[in-house]
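For reference, the structure is listed below as C-alpha cells.
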Amino acid sequence: MKTLFLSLLLAGSISTVTLAQSAAEANAKYNTKDYKGSGQVYDQVLKDGKGSTTDHYNAACSWALAGDKNKAFAHLGKAIDKGYLNINHLKQDTDLNSLHSDKRWEKLVQQLRANVDKAEANYNKPLKAQLEQIYENDQKHRRMISKVQQEHGPQSEQFQDLILKMWAADKENLEQVIAIIEEHGWPGKSMVGGAASQAAWAVIQHIGQDQKELMEKYLPMMREAAEKGELQKSSLALTEDRVRMYNNQPQLYGSQLRNNPETNKPEFYLIEDEANVDKRRAEVGLEPLKDYAKRFGLDYPPPVTPGRVN
C-alpha cells in the first residue's frame, strides 16, 4: 500500500510545491488503478534525482502493479539509498507481491535489513518498543469505530462502550507520552525511529479541547522537531490546525472538520486565506484539499474570492 505522506525535502529547479502537486497527481492515478500513468508521473518529476524516500517507494508500488519490475526495483533502490528503513512495511506490502519471486528481491531485503540494523544501533530500543505499543493501544479501538457504528449505530450501547474504552486508552497513553517527553525531550526519528516517533505525535494529536493547554505546551517542541527532520511536517500541520480550532481561530491547512448542526453532516472548519490553502498544504507534503475531502465523502468547492474565510 502506498504511503500517504508526500515529498518534503527538496532542492534545485523543482520546487517543493511543484513536486508535492505532481506526487498528488500520481497518487490520484494510483487510486483510479492507472498504475502505469502514476509511475510515469513519478518518473517525470523524479528524473533529476529529486524527491524523498516516500516518492520513490510510491513510484515502486505503481510500477510493480503496472508490471514493470525493472522500474520498481530501481525506485526501491533509490528509496533505500535515500534512507528508507521500514522493512516490515516493505515485506508486507501487497503492492510489491509481484517482486517477491524475482532474484533481486532477497538481495534488496538483505540490504535494507543491514541499513535498519545500522540505524537501530543508535536507537533507544526500550523507548522504541514502549512507543510502538502505545501506538497499537492508540489505534486498536479507532480501527473498530467505523464497523461498530455501521453495524449498531452511533447511539448504541456497543458504540458508546467502544468510545469509553478508547478514551481510557488515550488517558493512559497520554500519561506515558508526557513522562517520555519530560524525561527525553521529543522522541524524534533519530531517537526511536519513524513509526515510534509518530506514535508520540498521534497521542498528542488526540488530546481533547478540555486539555488544549497540554497540546499548546508541546507545540513549540514539535515545531523544532519538524524543522530538524525529526517529525513529519505534515503531522505538525495537523496539530497546528487543531490548536487553532481549539482556540476558535481559522485553520491554515484545512485538516480539521466539524459537524454542521443544521445538516448533521461533516464540513471543513473555517480556513484562513482559503485561496492559498493548497499551496500551504503542498509545502508540508499534504495532498490538495479536494482530494483530502473525498476521504470524508465531501465534494470540496474551491474558494471563489481570494483570501476569503468560509
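Index from 1, following the sequence.
Side-chain atoms of Asn260 come within 3.5 Å of backbone N or O of Glu262 as a donor-acceptor pair. No side-chain donor-acceptor contact under 3.5 Å links Asn276 to the backbone of Lys279. Between the side chain of Tyr84 and the backbone N or O of Asn86, at least one donor-acceptor pair lies under 3.5 Å. Looking at His184, its side chain never comes within 3.5 Å of a backbone N or O of Ile180 through a donor-acceptor pair. For the pair Arg244 (side chain) and Leu252 (backbone), a donor-acceptor distance under 3.5 Å is absent. Of the possible donor and acceptor atoms, none in the side chain of Arg281 sits under 3.5 Å from a partner among the backbone N and O of Leu286. When atom types are taken as modelled, the side chain of Ser38 and the backbone of Ala26 share a donor-acceptor pair closer than 3.5 angstrom. Formation of a donor-acceptor pair under 3.5 Å by the Trp201 side chain with backbone atoms of Ser235 is found in this model.
For Met245 against Leu257, the heavy-atom pair with the smallest separation is SD-O, 4.4 Å. Looking at every heavy atom in both residues, Asp95 comes nearest to Cys61 through OD2-CB, 3.6 Å. In terms of heavy-atom proximity, Pro154 sits nearest to Phe159 at O-CD2, 3.1 Å. Closest approach of His141 and Asn137 over heavy atoms only: ND1-O, 4.2 Å. Residues Gly254 and Phe268 approach most closely at O-CE2, 3.1 Å, considering heavy atoms. Listed here is the closest heavy atom pair of Tyr300 and Ala293: CB-CB, 3.7 Å.
Between Glu230 and Ser197, the side chains place no donor N or O within less than 3.5 Å of an acceptor N or O (distance only, hydrogens not considered). The closest side-chain donor-acceptor pair between Asn173 and Asp170, if any, does not fall under 3.5 angstrom. Gln251 and Glu272 share no side-chain donor-acceptor pair at under 3.5 Å. Side-chain polar atoms of Asn58 and Asn27 form no donor-acceptor pair below 3.5 angstrom. A donor-acceptor pair shorter than 3.5 Å cannot be found between the side chains of Gln92 and Asn88.
The local environment of NZ in Lys36 is sparse, with at most 12 non-hydrogen atoms from other residues, nucleotides or ligands closer than 6.0 Å. Counting heavy-atom neighbours within 6.0 Å of Tyr292 OH, excluding the residue itself, gives a total above 12. When the shell of 6.0 Å around CG of Asn247 is examined, it contains more than 12 heavy atoms from other residues, nucleotides or ligands. Counting non-hydrogen atoms of neighbouring residues, nucleotides and ligands closer than 6.0 angstrom, the CD atom of Glu227 reaches no more than 12 such neighbours. The environment of Glu151 atom CD is dense: over 12 non-hydrogen atoms of other residues, nucleotides or ligands sit within 6.0 angstrom.
Summarising the geometry, atom CD belonging to Gln256 is positioned 7.5 Å from atom OH belonging to Tyr246; distances are rounded to the nearest 0.5 Å. One distance of note links CG of Leu96 with CH2 of Trp63; it measures 15.0 Å at 0.5 Å rounding. Atoms CG and NE2, on Asn70 and His75 in that order, are 11.5 Å from each other to the nearest 0.5 Å. The CZ atom of Arg280 lies 8.5 Å from the CG atom of Asp241; values are rounded to the nearest 0.5 Å. Here Ile163 contributes atom CD1 and Ile145 contributes atom CD1; the two are 4.5 Å apart, rounded to the nearest 0.5 Å. Atom CD of Glu224 is separated from atom CG of Leu236 by 12.0 Å, given to the nearest 0.5 angstrom.
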Kindly indicate, with the supporting measurements, whether the criterion side chain to side chain contact (heavy atoms under 4.5 Å, CB included) is fulfilled by Leu90 and Leu76. CA-CA 10 Å; Leu90 177 129; Leu76 283 177; 4.0 Å; yes
Salt bridge (Lys or Arg N to Asp or Glu O under 4.0 Å) between Lys233 and Glu283: does it pass, once the steps are laid out? CA-CA 9 Å; Lys233 291 183 179 179; Glu283 288 171 347; over 6 Å; no
Go through the steps for Lys69 and Ser101 under the test side chain to side chain contact (heavy atoms under 4.5 Å, CB included), then give the verdict. CA-CA 11 Å; Lys69 294 182 180 181; Ser101 59; 4.0 Å; yes
Lys47 vs Asp43, salt bridge (Lys or Arg N to Asp or Glu O under 4.0 Å): CA-CA, chis, key distance, verdict: CA-CA 6 Å; Lys47 64 181 180 180; Asp43 282 357; over 6 Å; no
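Using cut-offs of 30° and 60° on the angle between ring planes, the pair Tyr57 and His89 is tilted.
Remark: Glu132 engages Lys128 in a salt bridge, criterion side-chain N to carboxylate O under 4.0 Å. For the pair Glu182 and Lys217, the salt-bridge criterion is met [side-chain N within less than 4.0 Å of a carboxylate O]. At a threshold of 4.0 Å, the pair Glu120-Lys125 does not count as salt-bridged, since none of the basic side-chain nitrogens sits closer than that to a carboxylate oxygen.
The shortest side-chain heavy-atom distance between Lys212 and Ile207 does not fall under the 4.5 Å cut-off. You'll find the side chain of Val203 stays beyond 4.5 Å of the side chain of Ile178, heavy atoms only. Contact check for Gln44 versus Val41: no side-chain heavy atoms found under the 4.5 Å cut-off.
Aromatic ring centroids of Tyr42 and His56 lie 6.0 Å or more apart.
Cluster annotation: Tyr135 and Leu131 are assigned to distinct hydrophobic clusters (Ile/Leu/Val/Met/Phe/Trp/Tyr, side-chain heavy-atom contacts under 4.5 Å, transitive).
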